[in-house]
Enquirer: 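Questions regarding the structure given below will be posed in turn.
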Amino acid sequence: MHLFLPGAKPMEFTVLFLAMVIVMLIAWRGRRPLALGLFGVVLIACVATYLHHATDTLKLSF
């Protein structure tokens with residue numbers, strides 16, 4: 001999933017942020033059921049991304 005730069009790492013946090021902006025714009029335009037459904041999808045994606053990264057081991061050296 002290379003959205004902006006060829007050869008770049010996936011930017012899932014940028015995608016989640018942009019998805020939330022789209023949901024807010026849809027809600028602002030007045031389509032509440034659609035906005036609520038999309039918000040639920042984005043929320044699930046945020047939790048899945050968190051759980052994916054929360055299980056990574058930290059590479060710390062002191």
Side-chain angles (χ1 to χ4, degrees):
M1 190 168 153
H2 306 287
L3 292 177
F4 302 109
L5 298 173
K9 292 183 180 180
M11 297 181 273
E12 62 258 31
F13 295 107
T14 303
V15 173
L16 290 173
F17 178 78
L18 291 176
M20 192 58 71
V21 169
I22 291 169
V23 169
M24 288 190 293
L25 289 173
I26 291 172
W28 187 39
R29 297 287 295 173
R31 298 182 180 180
R32 184 175 180 178
L34 177 62
L36 287 174
L38 289 176
F39 175 74
V41 170
V42 173
L43 186 63
I44 290 170
C46 288
V47 170
T49 302
Y50 167 74
L51 292 176
H52 172 71
H53 288 285
T55 58
D56 291 345
T57 58
L58 295 176
K59 297 175 178 87
L60 301 175
S61 64
F62 295 99

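These numbers come from the heavy atoms of this one structure, side chains and all, not from hydrogens, waters or symmetry mates. Start at 1 with the first residue, then count along the sequence. This is a predicted model, so every value here is computed, not measured.
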Enquirer: If you link I, L, V, M, F, W and Y whenever their side-chain heavy atoms are under 4.5 Å apart, who else ends up in the same group as Ile22?
Expert: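 Answer for Ile22: Met20, Val23, Ile26, Leu34, Leu38, Phe39, Val42, Leu43.
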Enquirer: If you group Ile, Leu, Val, Met, Phe, Trp and Tyr by side-chain heavy-atom gaps below 4.5 Å, do Val47 and Tyr50 land in one group?
Expert: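 Same cluster.
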Enquirer: When Leu18 is tested against each of Thr14, Val15, Leu16 for side-chain contact (heavy atoms from CB on, under 4.5 Å), which residue passes?
Expert: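 Between Leu18 and the candidates, side-chain contact (heavy atoms from CB on, under 4.5 Å) is satisfied uniquely by Thr14.
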Enquirer: Who passes side chain to side chain donor-acceptor pair (under 3.5 Å) against His53, sequence neighbours left out?
Expert: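 Testing His53 for side chain to side chain donor-acceptor pair (under 3.5 Å), a comparison that skips the adjacent residues, returns Glu12.
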Enquirer: Is it true that Val21 and Trp28 fall in one hydrophobic cluster, defined by side-chain heavy atoms closer than 4.5 Å?
Expert: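 Looking at the clustering, Trp28 is in the same group as Val21.
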Enquirer: Would you kindly confirm whether Leu25 and Phe17 end up in one hydrophobic cluster when ILVMFWY residues are joined by side chain heavy atoms under 4.5 Å apart?
Expert: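 Linked, Leu25 and Phe17 end up in one cluster.
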